[in-house]
Amino acid sequence: MEKLLVQKFGGTSVADAGRIEVVADIIAKTISEGHKVVVVLSAMGEETDRLIDLAKSIQTEPNLREYDALVSTGEQISVALMAMVLGKRNLKAKSYTAYQLGIKTNKMHGRARIVDVKVEKLIKQLDKGVIPVITGFQGMNEEGDITTLGRGGSDTTGVAIAVALQADECQIYTDVDGVFTTDPRICPKARLLDQISFDEMLELSSTGAEVLQLRAVEYASKHDMPIRVLSSFSEGEGTLVEEKEDMERPVISGISSIDTEAKLTVRGVPDLPGVAAKILGPVSDAGIDVDVIVQNISADNTTDFTFTVDQTDASSAEEILKETSESLGGGSIEVDDNIAKVSVVGRGMRGQSGIASKMFQALADHEINILMITTSEIKISVVIQKDLMEKAVNALHDTFQLDKNLDT
Ligand code: ASP
Ligand code: MG
């Protein structure tokens, strides 16, 4: 059956001329199997990093309009080269920038959101047998200025184009074989998953798994567009991220970890209505994302309040917190960046009790002290000391037997 596929290739997949030829092989093979393909590319290798460094060497806080104009050029190079390589093989291919296609975004330079994708041009080209090769990561705002979608944003471009074209699947080619039960660099027993649901992938992506950009998963989930994550470096079916009815499933599907957050505590703030809002309001007004939040039960009408933020935001959050604490008559501020967060994620925990205590017991058995705990319907996260992260991930991987495929 003929399928319409969007194939997105990441930076490592197109890092040099040789790699572009390998990717062209993959595209050519898909075409020869009778499918229609739309290609979306990232910038070559570390090109985006290089462009960002260049911008910052001129101005530490570059003008955002010009920053986007600059960093979006990486993708323009890869699409033109790819169209040339495909053309050399007598495949009809044409490169397109987001501007040429009218991929509209909001005005948030540097982290814009796609609001509209026009597909008439693409459909015309596909009907003529042309392979469109599209720049990932970029769009245009109402003013016609170039915007970019945030780091890793080409994934989102791929998904948005697949949704607009009502493609059968959005294939995200990368340098790993797919989505694993946990990071194989941390846990040698990590196992490749053949399938995972959107809600599990969302939890994993938002708690440290780096394989897919979170926004891309959100977009795909909202529009029910299946994503297949697979490697351009080796053969294999990869992992299908899709909506699927719950069958017999393992309780835990994956474990994620992150060690780039810092924990801030303000001591002895009054235990009164409105205090949490007074503490976190100014932090969020400063554009700082807050992750885990814990407020203690009060003793003598005051309480300690702790939350985590990205390490890069820790010192600005500390400044803000100092002012808040002073105005509330609270106590001292403590900042600790020697932490990691480990999360276990699985739809199967919905109907089962005792998963949290099993997790905590496993950590206890390995003498890992828990500093903070937070849960959602399908996730339990703990904050622990940073140097225990690897030990915790491996212990939990063993405890929940993630090396075994209990799915079948
Ligand atoms: N080239 C951009 C980046 O490195 C977008 C992407 O690769 O998805 O973040
Ligand atoms: Mg990239």
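Below, all heavy atoms of this structure are taken into account, side chains as well, without hydrogens, waters or symmetry copies. Throughout, residue positions are numbered sequentially from 1 according to the sequence presented.
Checked by atom type and distance alone, the side chain of S78 never pairs as donor or acceptor with a backbone atom of L41 at under 3.5 Å. Under a 3.5 Å cut-off, the side chain of D145 and the backbone N or O of N141 do not form any donor-acceptor pair. Panel note: side chain T207, backbone E203; a donor-acceptor pair is recorded below 3.5 Å. Side-chain atoms of T135 come within 3.5 Å of backbone N or O of A98 as a donor-acceptor pair. Checked by atom type and distance alone, the side chain of D310 never pairs as donor or acceptor with a backbone atom of D313 at under 3.5 Å. A donor-acceptor pair under 3.5 Å links the side-chain atoms of H35 to the main chain of K3, judged by distance alone. Using a distance-only test at 3.5 Å, with no hydrogens or angles considered, a donor-acceptor pair links the side chain of K92 to the main chain of K128. Within the 3.5 Å criterion, the main-chain N or O of R347 finds a donor-acceptor partner in the side chain of E200. Listed for the N106 side chain is a donor-acceptor partner under 3.5 Å among the backbone atoms of R113. Remark: the backbone N or O of A362 is not paired with any side-chain donor or acceptor of T399 at under 3.5 angstrom.
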* To do: Starting from the C-alpha separation in whole Å, work towards a yes-or-no answer on side chain to side chain contact (heavy atoms under 4.5 Å, CB included) for E2 and K36.
  => CA-CA 7 Å; E2 182 195 282; K36 282 190 170 154; 4.0 Å; yes

* To do: Decide yes or no on side chain to side chain contact (heavy atoms under 4.5 Å, CB included) for L5 and R228, but give the supporting numbers first.
  => CA-CA 10 Å; L5 300 171; R228 187 181 296 278; over 6 Å; no

* To do: Run the numbers on I293 and T306 for side chain to side chain contact (heavy atoms under 4.5 Å, CB included), then give the verdict.
  => CA-CA 6 Å; I293 304 168; T306 306; over 6 Å; no

* Please assess K379 against D199 for the test salt bridge (charged side-chain N to carboxylate O under 4.0 Å, His left out), listing each intermediate value before the final yes or no. => CA-CA 10 Å; K379 178 198 72 186; D199 50 359; over 6 Å; no

* Run the side chain to side chain contact (heavy atoms under 4.5 Å, CB included) check on I339 and I384 step by step: do they pass? -> CA-CA 6 Å; I339 58 160; I384 57 174; over 6 Å; no

* side chain to side chain donor-acceptor pair (under 3.5 Å) assessment of D68 paired with T148 -> CA-CA 6 Å; D68 276 351; T148 61; 2.6 Å; yes

* Kindly indicate, with the supporting measurements, whether the criterion salt bridge (charged side-chain N to carboxylate O under 4.0 Å, His left out) is fulfilled by E33 and K29. => CA-CA 6 Å; E33 287 164 356; K29 181 160 176 272; 3.4 Å; yes

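The number of heavy atoms from other shown groups lying within 6.0 Å of CD (E142) does not exceed 12. Counted within 6.0 Å of NZ on K278, heavy atoms from surrounding residues, nucleotides or ligands total 12 or fewer; the atom is thus considered open. Atom CZ of F360 sits in a crowded spot, with more than 12 heavy atoms from other residues, nucleotides or ligands closer than 6.0 Å. The local environment of NZ in K189 is sparse, with at most 12 non-hydrogen atoms from other residues, nucleotides or ligands closer than 6.0 Å. Counting non-hydrogen atoms of neighbouring residues, nucleotides and ligands closer than 6.0 angstrom, the CD atom of E243 exceeds 12 such neighbours. Heavy-atom contacts from other residues, nucleotides or ligands closer than 6.0 Å to CZ of R19 number more than 12.
Using a 4.0 Å cut-off between charged side-chain N and carboxylate O, K404 and D398 make no salt bridge. Salt-bridge check for R215 with E218: failed, with every basic side-chain N at 4.0 Å or more from each acidic carboxylate O. Salt bridge status for R191 with D403: absent, with no side-chain N to carboxylate O gap under 4.0 Å.
When T30, L91, V38 are each tested for a side-chain contact (heavy atoms from CB on, under 4.5 Å) with I131, only one passes: L91.
We find the CD-CG distance between E367 and L363 to be 12.0 Å, quoted to the nearest 0.5 Å. Interatomic distance, S206 OG to D289 CG, rounded to the nearest 0.5 Å: 11.5 Å. One finds the NZ atom of K263 at 7.0 Å from the CE atom of M372 (value rounded to the nearest 0.5 Å). Note that OG of S343 is 8.5 Å distant from CG of L204, once rounded to the nearest 0.5 Å. The CG atom of L230 lies 8.0 Å from the CD atom of Q7; values are rounded to the nearest 0.5 Å. How far CD1 of I355 is from CD1 of I378: 13.0 Å, rounded to the nearest 0.5 Å.
The heavy-atom pair separating E21 from V85 by the smallest distance is OE1-CG1, 3.5 Å. Nearest heavy-atom pair across V383 and V292 is CG2-CG2, 4.2 Å. The minimum heavy-atom distance between H397 and I255, with the atom names listed, is N-CD1, 3.4 Å. The minimum heavy-atom distance between V14 and S42, with the atom names listed, is CG2-O, 3.8 Å. Between V159 and Y219, the closest heavy-atom pair is CG1-CD2, 3.8 Å. Minimum interatomic distance between L321 and V266 (heavy atoms only, all atoms of both residues): CG-CB, 4.2 Å.
The shortest distance between side-chain heavy atoms of K358 and Q361 does not fall below 4.5 Å. The shortest distance between side-chain heavy atoms of F305 and T265 does not fall below 4.5 Å. Residues F9 and M82 fail the side-chain proximity criterion, which asks for heavy atoms closer than 4.5 Å. With contacts defined as side-chain heavy-atom distances shorter than 4.5 Å, the pair Y67/Q59 does not qualify. Annotation: side chain of Q195 is not in contact with side chain of T239 (no heavy-atom distance under 4.5 Å). Using a 4.5 Å heavy-atom threshold, the side chains of Q138 and E75 count as touching. Between I320 and I288, the closest side-chain pair of non-hydrogen atoms falls below 4.5 Å. Contact check for S13 versus D175: no side-chain heavy atoms found under the 4.5 Å cut-off.
Side-chain polar atoms of N394 and E390 form no donor-acceptor pair below 3.5 angstrom. Residues T260 and Q311 have side chains that never bring a donor and an acceptor to within less than 3.5 angstrom of each other. Between the side chains of T105 and T147, at least one donor N or O lies within less than 3.5 Å of an accepting N or O.
Screening residues 321-339 for side-chain hydrogen bond (donor to acceptor under 3.5 Å, both in side chains) gives R267-E334 as the qualifying pairs, with residues at least two apart or on separate chains.
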